[in-house]
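Step one of this worksheet: look at the structure below.
No hydrogens, no waters, no symmetry mates; every other heavy atom, side chains included, goes into these values. What you see is a predicted model, and the numbers here were worked out from it, not measured in a lab.
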Amino acid sequence: MEFVQNFGWFFLALAAMFFWSGSDLFSKIGCMGEKDRYAYLKMITAVGVVMGLHACYQIFVGGVTINGSVLLTYLPVSALYIVSMAMGYLGLHYIELSVSSPICNSSGAIVAVLTAITVGIGSLNLYQKLAVVAVCFGVIGLGFVEAHEDEELRRRRQEKGNRRYAKSALALALPILYCALDAVGTFADNRVLETLDEDSANVAYELTFLVCGLVSLFYVAVVRRQKFTIREETPKYIGAVFETAGQFAYIYAIADTEHLAMTAPMISAYCLLSVVWGRLFLKERLSYKHYIMIGLAAVGIAVLGLFDEAG
């Protein structure tokens, strides 16, 4: 926990927010190709390769200890995260980033509720409790606004965008499935980290992702005989770098059990930044309702940092 004590749960959570929102943006660019059915598997390969390289650095340069016992102990958590991410990458092919990301990251709200039910909310003061509610409401509300928008209004918003999307059960089911799996993974992660070293757990996750990435590579390149081009793969690997950096900050942030009820909704709020990046770089249009939800969650995040009496 020395790393957490030196840098603080709040700044680690902010770092995870920034890096994972960047991962959202570049992953979306890498997975949105209309003709590439296997883009999501190529994305898994990219993340696996980058995480594998980082794991090797941690082991051979950083001196992190890893063994079969750690890999097996953390395997259920790794599996939940990796499967959820695969669902998320697949969903990016069918739906706007500004729709997918908020729905996916409603998982933080679920984690906060699970934490409050099982271990309580510790020494949170009134302002912090209200802030958690604000963040959760902002994240869930943003997804609700997007998912229930009038089709004509959606069409008008998308006129100046780079691609049009139609509502479908699959498009909404995939991010919802991500949300459920990620919430269970986050909750289990915090419990497992009570018995494992954070560095070892992170390396175990990265090595597991590397194996999944290599399996995906074999299936796409050898079994399906798909081609890889530098132009199409570059955004995926940039997204993978952001994903790995975000995971590094995240693993330390949630290891602080005392602040989990705050860090989980904070980190899940990275989708708010993802919506902004989608507006700026992908030309996805936003309505005033979107900005209200973004502002609400942003205020909640600021309050969580200013009123940290538990640290």
* To do: Kindly state whether the ring of Tyr270 and the ring of Phe18 have centres lying under 6.0 angstrom apart.
  => no

Any [X] side-chain heavy atom under 4.5 Å of [Y] side chain:
X      : Y      : answer
Leu41  : Tyr38  : yes
Leu25  : Leu282 : yes
Val275 : Leu97  : no
Asn202 : Tyr250 : no
Asp24  : Lys28  : no
Lys42  : Val220 : yes
Pro76  : Leu80  : no
Phe242 : Trp20  : no

[atom1] of [X] to [atom2] of [Y]: how many Å apart, nearest 0.5 Å?
X      : Y      : atom1 : atom2 : answer
Met17  : Thr263 : CE    : OG1   : 12.0 Å
Ser84  : Leu177 : OG    : CG    : 8.5 Å
Glu243 : Met51  : CD    : CE    : 5.0 Å
Met87  : Cys179 : CE    : SG    : 14.5 Å
Phe26  : Ile238 : CZ    : CD1   : 5.0 Å
Leu210 : Thr208 : CG    : OG1   : 9.0 Å

Between [X] (side chain) and [Y] (backbone), is there a donor-acceptor pair under 3.5 Å?
X      : Y      : result
Thr234 : Arg231 : no
Lys236 : Met43  : no
Ser23  : Gly239 : yes
Ser216 : Thr45  : no

If I compare all heavy atoms of [X] with all of [Y], which pair ends up nearest, and what's the gap?
X      : Y      : answer
Ala253 : Ala13  : CB-N, 4.2 Å
Leu272 : Ala297 : CD1-CB, 2.8 Å
Ala86  : Ile44  : CB-CD1, 3.6 Å
Tyr81  : Thr186 : OH-CA, 3.2 Å

* Phe228, CZ atom: more than 12 neighbouring heavy atoms under 6.0 Å -> yes

* **Atom CD1 of Ile230: over 12 foreign heavy atoms under 6.0 Å** => no

* Worked check of side-chain contact (heavy atoms from CB on, under 4.5 Å) between Val133 and Leu130 -> CA-CA 5 Å; Val133 173; Leu130 292 175; 5.5 Å; no

* Asked: Is the closest side-chain donor-acceptor distance between Asp189 and Tyr74 under 3.5 Å?
  -> yes

